[in-house]
Amino acid sequence: MKTRNSGKLSVKWIPILSLSSFFLGILFTHRLWDPQESDSQLISRRRQEQELHVISEDCTTKKKKPGQSKDVMEEVHKTHEAIRSARTLDKSISTLQMESAATRSSHKVRRTDEYTSSHEDSQRKKAFIVIGINTAFSSRKRRDSVRQTWMPQGEKLLQLEKEKGIIIRFMIGHSATSNSILDRAIDSEDAQHKDFLRLEHVEGYHELSAKTKTFFSAAVAKWDADFYVKLDDDVHVNLGMLAATLDRHRSKPRVYIGCMKSGPVLSQRNVKYHEPEHWKFGEEGNKYFRHATGQIYAISKDLATYILVNQPILHKYANEDVSLGSWFIGLEVEHIDERNMCCGTPPDCELKAQAGNVCIASFDWSCSGICKSVEKMRFVHEKCGEEEAAV
């Protein structure tokens, strides 16, 4: 009896189990063939959910505060006003930075003793032009050739400073050995002529970029001038023409004046003017950005101050003129291509003088200065020099 009853119960459950298996099979098949969401789809869906959540919260907030739309419009208006103010500020940001730099430089003047003589005031002296003539320990004869031609000496040099505001100094650092015979020779020469600016710089041919930074920093710290000029000691200069040319640009901020060029970036080793960082300028055969040739150039006070304040982070390339140009390439600077600053030696500058177009500076491109300047400086001065009263 028990066996028969259990068999009857099993027969009753068979249809139910069959139906259950059928539905489970459908669900399993649907789950198996349902494609899964890709990562991008999943991220997109979650992002949409977040956006809907934010919108929902925003709507809820607006429902809670019916008067908020007016406040929102006021905030939008204020934002637009702030944007306009920011744009106005952006146009004058360079000027503000330079003013800040000037303030910082004045503090440096009071703190820095190496740039000022113990016999001079710690306050900067006003000037029109400060000219730094780059020279070396071995260039005594070059300096004498400059002194005997276009550079005034003694009382005339002092008179030029007092009456015209034109200051001229040979700029030089010191040797690697403290108080060496080279340093003592410069001290003796300076005691005789009083026309040196001693720099906190170790002299070396491959350190010209660093020397340029140091010169402008020292000059700005010592003199408050409209222009600062760097030139080499084998270049002939007509001071009157230089002063007249710079005077035309006196009212302009941030000017960089010289013979602008864009020479090739030399990647080959063991060649003159080789650029170790040539890869920064693109493919082989590329040229540098525009910059003034290194024989002579002038920069305005704002740019010299910029160098003083930022000198620790100004990058030095192998070539000094390229380094200077790189410091200004990202600034609001007016590049003035003044071809009168790179005349040739006679007959070039002589013919121009005869035509009434007196040159500012003369040198030979082939020598990056006057070839054999010690012997030829007087000749160039006689042929191309301006009248003494021109200054």
Handout entry: Chi angles and distances behind the side chain to side chain donor-acceptor pair (under 3.5 Å) call for E155, Q159
Key = CA-CA 6 Å; E155 291 298 323; Q159 185 178 4; over 6 Å; no
Practice task
Output, in order, the C-alpha distance, side-chain angles, deciding distance and verdict of side-chain contact (heavy atoms from CB on, under 4.5 Å) for R339 and C259.
Solution key: CA-CA 5 Å; R339 306 316 294 181; C259 290; 3.8 Å; yes
Handout entry: Audit row: D195, R143, salt bridge (Lys or Arg N to Asp or Glu O under 4.0 Å) steps and yes/no
Key = CA-CA 10 Å; D195 55 6; R143 291 191 291 274; over 6 Å; no
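The two residues L182 and S175 come nearest to each other via the heavy atoms CD1-CB, 4.4 Å.
Salt-bridge formation is detected for the pair R147/D144: a Lys NZ or Arg NE/NH1/NH2 atom is positioned less than 4.0 Å from an Asp or Glu carboxylate oxygen. Ionic pairing of R290 and D337 is not present here: no N-O contact between side-chain nitrogen and carboxylate oxygen is shorter than 4.0 angstrom. In this structure, D232 does not pair ionically with R142, as no charged nitrogen and carboxylate oxygen lie closer than 4.0 Å.
Around the NZ atom of K164, the shell of radius 6.0 Å holds no more than 12 heavy atoms that belong to other residues, nucleotides or ligands. The environment of Q153 atom CD is dense: over 12 non-hydrogen atoms of other residues, nucleotides or ligands sit within 6.0 angstrom. Sparse packing is recorded around NZ of K372, with 12 or fewer heavy atoms of other residues, nucleotides or ligands lying under 6.0 Å away. Enclosure of atom NZ in K376 by more than 12 non-hydrogen atoms of other residues, nucleotides or ligands within 6.0 angstrom is indicated.
Less than 2.5 Å separates the SG atom of C384 from that of C349.
Within the model, atoms NZ of K125 and CG of D224 stand 13.0 Å from one another, a figure rounded to the nearest 0.5 Å. We find the CD1-CG distance between I370 and D364 to be 7.0 Å, quoted to the nearest 0.5 Å. A distance of 11.5 Å separates CG of L351 from CG of N357, quoted to the nearest 0.5 Å. In this structure, the separation between NZ on K213 and NZ on K316 is 4.5 Å, given to the nearest 0.5 Å. Remark: D226 CG to L246 CG distance equals 9.5 Å, nearest 0.5 Å. Distance CE/M377 to CZ/F363: 12.0 Å, rounded to 0.5 Å.
Ring geometry for Y288 against F281 counts as perpendicular: the plane angle is over 60°, on a 0 to 90° scale with 30° as the lower cut. Note on ring orientation: taking the six-membered ring where Trp is involved, the planes of H381 and H236 are tilted (angle from 30° to 60°).
The ring-ring contact (aromatic ring centres under 6.0 Å, His included) with Y256 is formed by just one residue from the set Y306, W327, F328, F227; it is F328.
A side-chain donor-acceptor contact under 3.5 Å links D183 and S180.
A cation-pi arrangement, defined by a distance under 6.0 Å to the six-membered ring centre and an angle within 45 degrees of its axis, is present between R250 and F128.
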